[in-house]
**Q** 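I have a structure here, written as structure tokens, and I will follow up with some questions on it.
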Amino acid sequence: MRLFLCYKFMTRQELIGQIKKKNSFLCVGLDTDIKKIPQHLLKAKDPVFEFNKQIIDATVDYCVAYKPNLAFYESLGSKGLESLEKTMEYIPKDIFTIADAKRGDIGNTSNLYARAFFEHMAFDSVTVAPYMGEDSVLPFLDFNGKWVILLALTSNKGSADFQDLQIEKSSSKLYEEVLRKSKSWGNIENLMFVVGATKAEKLKEIRKIVPDHFLLVPGVGAQGGSLKDVSKFGMNKDCGLLVNSSRAIIYASNGKDFTSKAKEESMKVQQEMGEYLNTYL
Ligand code: OMP
């Protein structure tokens, strides 16, 4: 087990600075599936880390954030966690990092999840599910400079099962109530919300509830969400968006040219983002 000695964090202003500098609000999802990485990498000592390292080298100029999804690492047991720890050490410190873990539990347990991601692995942020309520989220917000990214309206079809439920005697949906209530748990310096790119048409209304917060928007690329609509309806005066793409970038090719294809793909997204920053900011 590797021990991290640095407690790292990134402020809202620093994140906005990176977006302006790179003309990009791209988050590359490091959803590294050992079954999908190019065959020739399987000879490496740590194929998952080797893949991530090369993907980071290829895309770092075009993105402002990386989001490893914990499932891909946990599914490999302790070896997978070691690959994740090495990946976290490799990511440059001026890049925002998101532990996509969708955690949340009773207070003392949430506190330990937070220590795992913020202290042990030096992530800047973690995705958290709101279902267990305020006391399951606050322990994550106790960590100076760190961010909670709370699930609001997710990109999948099943989001309709609960998130879209109409609240009785109110004109609100459940996800709107989640946004309204939870925004007072933190502030725009430590709390973001997840809204799926496949739900871009809802962003206009969502911005009325949370005009200034950053939104993490997954679902462009493989899930078919529109970057243009997300930018048009979701951007605020500070950009306020981190748009994630995982498979469309990291598996743009599964051959020896996977790095040049990932570079091409991330550059393409970054250029489109540059246009929208000019148009909508
Ligand atoms: P691609 O569809 O390959 O771009 O990957 C999307 C990534 O974003 C995966 O890691 C998902 O777990 C994550 N995600 C969603 O796809 N939809 C959501 O609503 C929320 C997330 C997330 O929290 O990041």
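We're numbering straight along the sequence, starting at 1. Every number for a ligand or one of its atoms is a count from 1 in the order of the listing. Just so it is clear, the model here is predicted, and its values are computed rather than measured.
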**Q** Among Lys199, Gln223, Lys102, whose heavy atom sits nearest atom 16 (O) of ligand 1?
**A** Gln223
**Q** Between Ile149 and ligand 1, which part of the residue brings a heavy atom under 4.0 Å of the ligand: side chain, backbone, both or neither?
**A** neither
**Q** Need the ligand 1 atom indices (1-based, order shown) with element for anything under 4.0 Å from a heavy-atom of Arg247.
**A** 1 (P), 2 (O), 3 (O), 4 (O)
**Q** Below 4.0 angstrom from a heavy atom of Asp100, which ligand 1 atoms are there? Numbered from 1 as shown, please.
**A** 10 (O), 12 (O), 13 (C), 22 (C), 23 (O), 24 (O)
**Q** Asn236 side chain to Gly240 main-chain N or O, any donor-acceptor pair under 3.5 Å?
**A** yes
**Q** Donor-acceptor pair, Gln166 side chain versus Ser171 backbone, under 3.5 Å?
**A** yes
**Q** Which atoms of ligand 1 have any heavy atom of Thr154 under 4.0 Å away?
**A** 19 (O)
**Q** Can you pull out the closest protein heavy atom to atom 15 (C) of ligand 1? Residue, atom name and distance to 0.1 Å, please.
**A** Ser155 OG, 3.5 Å
**Q** For atom 12 (O) of ligand 1, find the nearest protein heavy atom and state the residue, atom name and distance (0.1 Å precision).
**A** Asn69 ND2, 3.0 Å
**Q** Any carboxylate oxygen within less than 4.0 angstrom of a Lys/Arg side-chain nitrogen, looking at Lys102 and Asp100?
**A** yes
**Q** Is there at least one pair of N or O atoms, one from Lys67 and one from ligand 1, spaced under 3.5 Å apart?
**A** yes
**Q** Atom 10 (O) of ligand 1: which protein heavy atom is closest, and how many Å away?
**A** Asp31 OD2, 2.7 Å
**Q** Is the shortest side-chain N to carboxylate O distance from Lys208 to Glu205 below 4.0 Å?
**A** yes
**Q** I need the nearest protein heavy-atom contact for atom 21 (C) of ligand 1: residue, atom name and distance, please.
**A** Pro218 CG, 3.4 Å
**Q** Should the pair Asp212-Lys237 be classified as a salt bridge under the 4.0 Å nitrogen-to-oxygen rule?
**A** yes
**Q** Which ligand 1 atoms does Val194 reach within 4.0 Å, using its non-hydrogen atoms?
**A** 19 (O), 20 (C)
**Q** Indicate yes or no for a side-chain donor-acceptor contact from Thr97 to the backbone of Asp124 under 3.5 Å, with no hydrogens or angles considered.
**A** yes
**Q** Do me a favour and list the nearest non-hydrogen protein atom to atom 5 (O) of ligand 1 with residue, atom name and distance?
**A** Ser246 OG, 3.2 Å
**Q** Ring of Tyr7, cation from Lys146 - is the NZ or CZ under 6.0 Å from the centre and inside 45° of the axis?
**A** yes
**Q** Distance under 4.0 Å to a non-hydrogen atom of Asn244: what atoms of ligand 1 satisfy this?
**A** 6 (C), 7 (C), 8 (O)
**Q** Is any NZ, NE, NH1 or NH2 atom of the basic residue among Arg12 and Asp238 found under 4.0 Å from an Asp or Glu carboxylate oxygen of the other?
**A** yes
**Q** If the plane angle is over 60° it's perpendicular, under 30° parallel, otherwise tilted; pick one for Phe51 and Phe258.
**A** parallel
